[in-house]
Amino acid sequence: CSVTLNDEATVFLKTLCRVYTQVGENHISGIIRNDLVLPKEAFQKYLQLMLIFYQNPLITIRSIVIDVWVHFLNFDQLKKNEDLLLVVPHVLQSTMKHFCKPLEPADDVLDSFELMKIYNGLLSKMI
């Protein structure tokens, strides 16, 4: 489903993305940093919301949200979180979809093997 946003709606969406990105970078990181318990279900919902934002066709929206993925994957106490690691392949797939132009329509989605090679390469650099 493709929806055309007017300027006002785009500004609202950008603001919403910035707010939720700041929630991740400050609030969620603060919870972890202070050795508090991160609510699993709420964190999973947050990650799904950020993934939805990241899958937006507007590069201006994705460029805001990428900050939270980079922050989480560089944050020692969080980068090995199982919920985060479950979302990373989807983030990579979305990145590839938006930034790589396929040669043929069948090449639109990376096969699982190629996606796992990219994922494992990134993961090995983080650990």
Side-chain angles (χ1 to χ4, degrees):
C1 171
S2 179
V3 176
T4 304
L5 298 177
N6 61 30
D7 290 340
E8 196 172 291
T10 302
V11 169
F12 176 76
L13 186 56
K14 286 180 186 179
T15 302
L16 197 60
C17 287
R18 285 186 188 102
V19 168
Y20 278 104
T21 297
Q22 289 299 310
V23 166
E25 291 178 349
N26 297 316
H27 183 68
I28 293 173
S29 298
I31 290 172
I32 300 290
R33 200 175 296 113
N34 291 311
D35 293 324
L36 301 173
V37 176
L38 183 63
K40 185 174 181 67
E41 187 177 333
F43 186 57
Q44 289 171 335
K45 287 179 181 179
Y46 174 81
L47 291 172
Q48 288 303 312
L49 176 65
M50 297 311 289
L51 183 59
I52 289 168
F53 284 142
Y54 191 66
Q55 292 170 335
N56 189 288
L58 295 174
I59 194 166
T60 54
I61 300 301
R62 291 192 314 272
S63 67
I64 294 167
V65 179
I66 192 72
D67 289 347
V68 83
W69 300 123
V70 171
H71 179 76
F72 284 173
L73 293 171
N74 283 307
F75 190 38
D76 286 336
Q77 294 102 321
L78 195 54
K79 70 182 180 184
K80 295 179 186 175
N81 177 284
E82 64 184 35
D83 295 315
L84 178 63
L85 293 177
L86 286 173
V87 175
V88 168
H90 300 286
V91 172
L92 291 173
Q93 190 170 25
S94 183
T95 301
M96 298 302 289
K97 177 184 174 189
H98 288 291
F99 292 106
C100 296
K101 299 294 180 197
L103 297 175
E104 297 180 23
D107 294 336
D108 192 38
V109 178
L110 291 175
D111 65 34
S112 297
F113 179 72
E114 287 299 316
L115 188 59
M116 287 310 297
K117 280 186 1 186
I118 294 168
Y119 172 73
N120 288 334
L122 285 173
L123 189 60
S124 68
K125 292 177 183 182
M126 292 185 306
I127 297 176

Q: Are the side chains of Phe53 and Leu13 in contact, using a 4.5 Å heavy-atom criterion?
A: yes

Q: How far does CG of Leu86 sit from CG of Leu47, to the nearest 0.5 angstrom?
A: 9.5 Å

Q: Tell me the closest heavy-atom pair linking Ile64 and Lys14, and the distance in Å.
A: CD1-O, 3.8 Å

Q: Return the NZ to CD distance between Lys79 and Gln77, rounded to the nearest 0.5 Å.
A: 10.0 Å

Q: Which heavy atom of His71 sits nearest to which heavy atom of Ser29, and what is that distance?
A: NE2-OG, 2.6 Å

Q: Check for me, please, whether Ile32 and Leu36 land in the same ILVMFWY cluster - side-chain distances under 4.5 Å, paths through other members count.
A: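 Same hydrophobic cluster.
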
Q: Could you go through the side-chain contact (heavy atoms from CB on, under 4.5 Å) check for Leu78 and Leu38 one step at a time?
A: CA-CA 10 Å; Leu78 195 54; Leu38 183 63; 4.3 Å; yes

Q: Do Tyr54 and His90 pass the side-chain contact (heavy atoms from CB on, under 4.5 Å) test, and can you show the C-alpha distance, the side-chain angles, and the key distance before you say yes or no?
A: CA-CA 10 Å; Tyr54 191 66; His90 300 286; over 6 Å; no

Q: Kindly give the heavy-atom pair with the smallest separation between Cys17 and Val65, and that separation in Å.
A: SG-CG2, 4.1 Å

Q: Can you measure from OG1 (Thr10) to CG (Asn56) and round to the nearest 0.5 angstrom?
A: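 Between atom OG1 of Thr10 and atom CG of Asn56 there are 8.5 Å.
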
Q: Mind checking the CD1-CZ spacing from Ile28 to Phe43? Nearest 0.5 Å is all I need.
A: 5.5 Å

Q: Would you call Glu25 and Arg18 a salt bridge, using N to O less than 4.0 angstrom?
A: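 Result for this pair is no, no salt bridge flagged.
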
Q: Calculate, to the nearest 0.5 Å, the distance between atoms CE and OH belonging to Met50 and Tyr20 respectively.
A: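 Between Met50 CE and Tyr20 OH, I get 9.5 Å after rounding to 0.5 Å.
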
Q: Roughly how far apart are Asp83 CG and Lys45 NZ, rounded to 0.5 Å?
A: 13.0 Å

Q: Determine whether Asp67 and Phe72 make a side-chain contact, defined as any pair of heavy atoms from C-beta on separated by less than 4.5 Å.
A: no

Q: Could you check whether any side-chain heavy atom of Val88 comes within less than 4.5 Å of a side-chain heavy atom of Trp69, counting everything from C-beta outward?
A: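 No - every pair of side-chain heavy atoms lies 4.5 Å or more apart.
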
Q: Between Ile52 and Val70, is there a shared hydrophobic cluster once you connect ILVMFWY residues whose side-chain heavy atoms come closer than 4.5 Å?
A: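 No, it is not one cluster - the side chains of Ile52 and Val70 are not joined through contacts under 4.5 Å.
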
Q: Within the 4.5 Å heavy-atom criterion, are Gln55 and Leu51 side-chain neighbours or not?
A: yes

